[in-house]
Amino acid sequence: MSDWAQLKQALISGDGEELCRRVRQTLDQGVSAKDILNQALIPAMDVVGERMENEDMFIPEVLMAAKAMSAAVEILKPLLAADDLSAAGKVVIGTVKGDLHDIGKNLVAMMMESAGFEVKDLGVDVAPETFVAAARDNGAQLVCLSALLTTTMPMMKETVAALESSGLRDKVKVMVGGAPVTRAFAASINADGYAPDAGSAAKLAKSLVQ
Ligand code: B1M
């Protein structure tokens, strides 16, 4: 088995200890954190998703894989820092109400921090009014909404509506993302931006708050 295949297998089988050991070993071989994330960890989570869909993997096993992924991401975190560390602005981020998926959102938050943003992470299952209060209390320029379920995407629209009715909408930009979210959906709910992945989210954030 190649090194990538072994890394992926450790994640898919939810063996966090083995995964972290292999991640450290791969870093020691001079492979970049970004490559480990993009060539092994994210594709392995896609396999987990496919197996979940086909009922070859069940929630407890998926949770083990997700935990292993989070532990590996913790190792990579300091190494994924972007080049520009200027104070870029204030961001409030969360996964929308009804949705408990946080791995992608955590990666986006991490890339934004690395890009110099002050990030307030509200966690998962965040209600529209919580986003509004946090944006106001933190003086955020950008509100970032993540959703992984087609059933929770409408909550993005409700969050934008809540920002509008609170009078904050013209003071903050809204960025949306997550696997089922598209540029067209973002436009349809009057969001200011959509990013397909964590790296492009940090870049887009910079251009939105300029
Ligand atoms: Co769930 N789940 N899950 N799950 N889960 C999906 C999303 C699913 C596609 C799996 C499948 O069936 N193939 C499916 C959704 C189907 C749909 O809606 N069309 C699904 C389902 C159905 C469910 C449950 C309903 C299952 C059930 O209970 N029967 C349930 C819902 C719970 C809830 O939220 N209320 C559920 C539960 C779970 C677990 C708790 C077991 C676990 C989550 C653990 C956790 O997050 N701490 C889990 C997992 C792990 C997944 C999969 C396998 C992996 C998600 C992930 O972490 N990907 C997922 C299948 C898949 O996506 N392949 C699946 C890796 C991550 C790095 O990618 O999150 O896409 P992603 O983030 C990317 C981009 O999307 C983007 O950048 C990130 C990094 O590049 N991005 C943004 C994300 N947010 C962004 C915000 C931005 C910009 C970019 O700007 C603000």
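Whatever order the structure lists ligands and atoms in, that order sets their numbers, starting from 1. Throughout, numbering of the chain's residues begins at 1 and tracks the sequence. Since the model is a prediction, treat every value here as computed from it, not as a measurement.
Judged by distance alone, the side chain of D15 and the main-chain N or O of A10 form no donor-acceptor pair under 3.5 Å. Judged by distance alone, the side chain of N138 and the main-chain N or O of K90 form no donor-acceptor pair under 3.5 Å. Looking only at distances, a side-chain donor or acceptor of S13 sits under 3.5 Å from a matching main-chain atom of Q9. No donor-acceptor distance shorter than 3.5 angstrom exists from the side chain of T95 to the backbone of D125, with no hydrogens or angles considered. Between the side chain of D121 and the backbone N or O of G123 there is at least one donor-acceptor pair closer than 3.5 Å.
Remark: D137 does not engage K120 in a salt bridge, criterion side-chain N to carboxylate O under 4.0 Å. Using a cutoff of 4.0 Å between basic side-chain nitrogens and carboxylate oxygens, R169 and D192 are scored as salt-bridged. A salt bridge does not link R21 with E17: none of the charged nitrogens is closer than 4.0 Å to a carboxylate oxygen.
Considering every non-hydrogen atom in both V124 and D99, the closest pair reads CB-O, 3.6 Å. Of all non-hydrogen atoms in A205 and M112, the two that sit nearest each other are CB-CE, 3.8 Å. In terms of heavy-atom proximity, L41 sits nearest to A72 at CD1-CB, 3.9 Å. Residues M175 and A201 come closest through the heavy atom pair CE-O, 3.3 Å.
Checking atom 20 (C) of ligand 1 against the protein gives a heavy-atom contact under 4.0 Å. Atom 8 (C) of ligand 1 is never approached by the protein to below 4.0 angstrom, counting heavy atoms only.
Here the heavy atom of the protein found nearest to atom 78 (C) of ligand 1 is G104 CA, 3.7 Å. Counting only heavy atoms of the protein, atom 58 (N) of ligand 1 lies nearest to M45 CB, 4.1 Å. In this structure, the protein non-hydrogen atom closest to atom 40 (C) of ligand 1 is L63 CD2, 4.0 Å. The closest protein non-hydrogen atom to atom 29 (N) of ligand 1 is I59 CD1, 4.4 Å. Of all protein heavy atoms, the one closest to atom 67 (C) of ligand 1 is L107 CD1, 3.6 Å.
Taking only nitrogen or oxygen atoms, main chain and side chain alike, G98 reaches within less than 3.5 Å of ligand 1. Residue D102 has at least one N or O atom closer than 3.5 Å to an N or O atom of ligand 1. Residue K105 has no nitrogen or oxygen atom sitting less than 3.5 Å from a nitrogen or oxygen atom of ligand 1, judged on distance alone. Looking at ligand 1, you won't find any N or O of I42 less than 3.5 Å from one of its N or O atoms. Taking distance alone, with nitrogen or oxygen atoms compared against 3.5 Å, T150 approaches ligand 1 more closely than that limit. The shortest N or O to N or O distance between V48 and ligand 1 is not under 3.5 Å.
Residues I93 and L122 have side chains not in contact (no heavy-atom distance under 4.5 Å, counting atoms from C-beta outward).
The side chain of A66, and not its backbone, has at least one atom closer than 4.0 Å to an atom of ligand 1 (non-hydrogen atoms only; side chain from C-beta on). Using a 4.0 Å cut-off between heavy atoms, V176 contacts ligand 1 through its backbone alone, with no side-chain atom that close. Of all the heavy atoms of L145, the ones lying under 4.0 Å from any atom of ligand 1 belong exclusively to the backbone. Proximity of A147 to ligand 1, defined as any heavy-atom pair under 4.0 Å, is not found for any part of the residue.
With waters left out, the protein N, O or S atoms under 2.8 Å from atom 1 (Co) of ligand 1 add up to 1.
Checked by atom type, the side-chain pair E164/N190 shows a donor-acceptor distance below 3.5 Å.
Put simply, part of P196 is less than 4.0 Å from ligand 1, judged by heavy atoms.
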